[in-house]
Amino acid sequence: MSEQILGQILEELRGMNGQLTSLNERVSSLEHQFQEFRVEVRTDLQVLKAGQQGLRKEITDRFKEVDERFHRHEFTDDVLNRNILRLETELQMLKEKK
C-alpha cells in the first residue's frame, strides 16, 4: 500500500512538474513579449523626441525670421517718419516765406 501511495505522490509530482514547466514557458514568453514592447516604446519615444526637437527648431527659426523682418519694417517706418517730418518742416518754411 505504501508503494501505491508513493506511486500516486510521484505521479502528482510529475503532473505538477509539467504544470510548472508549462507555467515557466508562459512566463518566459511574456518576458520576451514585454522586452519587445519596451524596445518598441523606446524607439517610438526617440522618434517623438526627435520630432519635438525638429518642431522646436522650426518654430525658433520662424520666430527669428519674423523678428528680423519686424526690425527691418521698424527701421523703414522710422526712416519714413523722419522724411515726412523733414518734408512737413520744409513745407512749413516755404509757407512762411510767402
Side-chain angles (χ1 to χ4, degrees):
M1 192 182 261
S2 67
E3 215 173 278
Q4 189 180 15
I5 294 173
L6 286 176
Q8 286 176 349
I9 292 173
L10 185 60
E11 206 51 43
E12 286 182 26
L13 286 175
R14 284 183 185 146
M16 290 174 75
N17 187 27
Q19 289 175 348
L20 288 175
T21 302
S22 174
L23 183 62
N24 189 26
E25 289 172 359
R26 287 175 39 198
V27 167
S28 293
S29 174
L30 288 173
E31 285 177 341
H32 179 70
Q33 289 175 1
F34 180 70
Q35 290 300 327
E36 286 179 353
F37 177 74
R38 285 183 66 201
V39 168
E40 289 174 13
V41 168
R42 183 176 293 131
T43 302
D44 289 346
L45 284 175
Q46 289 173 347
V47 168
L48 288 172
K49 284 181 182 178
Q52 184 183 29
Q53 289 172 348
L55 284 173
R56 284 182 180 170
K57 183 177 178 345
E58 184 69 25
I59 289 169
T60 301
D61 291 347
R62 295 287 181 215
F63 272 115
K64 285 180 183 177
E65 289 174 13
V66 169
D67 191 48
E68 289 172 6
R69 288 180 190 165
F70 177 73
H71 286 300
R72 274 186 260 143
H73 288 303
E74 256 186 345
F75 177 75
T76 302
D77 191 42
D78 287 345
V79 169
L80 287 173
N81 284 335
R82 286 183 189 147
N83 282 339
I84 289 172
L85 183 63
R86 184 182 51 82
L87 289 172
E88 286 176 345
T89 304
E90 288 178 9
L91 181 63
Q92 187 65 30
M93 287 173 51
L94 285 173
K95 283 181 180 178
E96 287 177 3
K97 283 186 179 180
K98 284 187 177 185

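What you are looking at is a predicted structure, and each value in this text was computed from that prediction instead of being measured. Below, all heavy atoms of this structure are taken into account, side chains as well, without hydrogens, waters or symmetry copies.
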Name the atoms and distances for all side-chain donor-acceptor pairs under 3.5 Å in residues 17-26, with sequence neighbours left out.
{"residue": "T21", "atom": "OG1", "partner": "N17", "partner atom": "O", "Å": "2.8"}

Exercise. What distance separates K49 NZ from Q53 CD, expressed to the nearest 0.5 Å?
Worked result: 8.5 Å
For this session: Enter the distance from E88:CD to N83:CG here, rounded to the nearest 0.5 Å.
Result: 11.0 Å
Problem set entry | Test side chain to side chain donor-acceptor pair (under 3.5 Å) applied to D67 and H71, step by step | CA-CA 6 Å; D67 191 48; H71 286 300; 3.2 Å; yes
Seminar exercise, completed: Contacts of Q33 meeting side chain to side chain contact (heavy atoms under 4.5 Å, CB included) (sequence neighbours excluded), chain-then-number -> S29, L30
Exercise. Who are the side chain to side chain contact (heavy atoms under 4.5 Å, CB included) partners of R82, not counting sequence neighbours?
Worked result: none
For this session: Mind checking side chain to side chain contact (heavy atoms under 4.5 Å, CB included) for H32 and listing every partner two or more places apart, or none if nothing turns up?
Result: E36
Problem set entry | K95: partners by side chain to side chain donor-acceptor pair (under 3.5 Å), with sequence neighbours left out | none
For this session: Can you measure from CG (L48) to OG1 (T43) and round to the nearest 0.5 angstrom?
Result: 11.0 Å
Problem set entry | Spatial distance of atom CG (L10) from atom CD1 (I5) [nearest 0.5 Å] | 13.5 Å
Problem set entry | For D44, side chain to side chain donor-acceptor pair (under 3.5 Å) partners two or more places apart | none
Exercise. Who else is in F63's hydrophobic cluster (ILVMFWY, side-chain heavy atoms under 4.5 Å, direct or via others)?
Worked result: I59
For this session: Could you tell me which residues satisfy side chain to side chain donor-acceptor pair (under 3.5 Å) with N81, sequence neighbours excluded, listed by chain and number?
Result: none
Seminar exercise, completed: For E65, the side chain to side chain contact (heavy atoms under 4.5 Å, CB included) test, sequence neighbours excluded, returns R62, R69
For this session: Taking side chain to side chain donor-acceptor pair (under 3.5 Å) as the test, write out the residues that go with Q8, two or more places apart.
Result: none
For this session: Look up atom CD in E11 and atom CG in L6, then write down how far apart they are to the nearest 0.5 Å.
Result: 12.5 Å
For this session: Output all residues satisfying salt bridge (charged side-chain N to carboxylate O under 4.0 Å, His left out) with D78, sequence neighbours left out; order by chain, then residue number.
Result: none
For this session: List, by chain and then residue number, the residues other than V79 in its hydrophobic cluster (Ile/Leu/Val/Met/Phe/Trp/Tyr, side-chain heavy atoms under 4.5 Å); write none if there are no others.
Result: F75
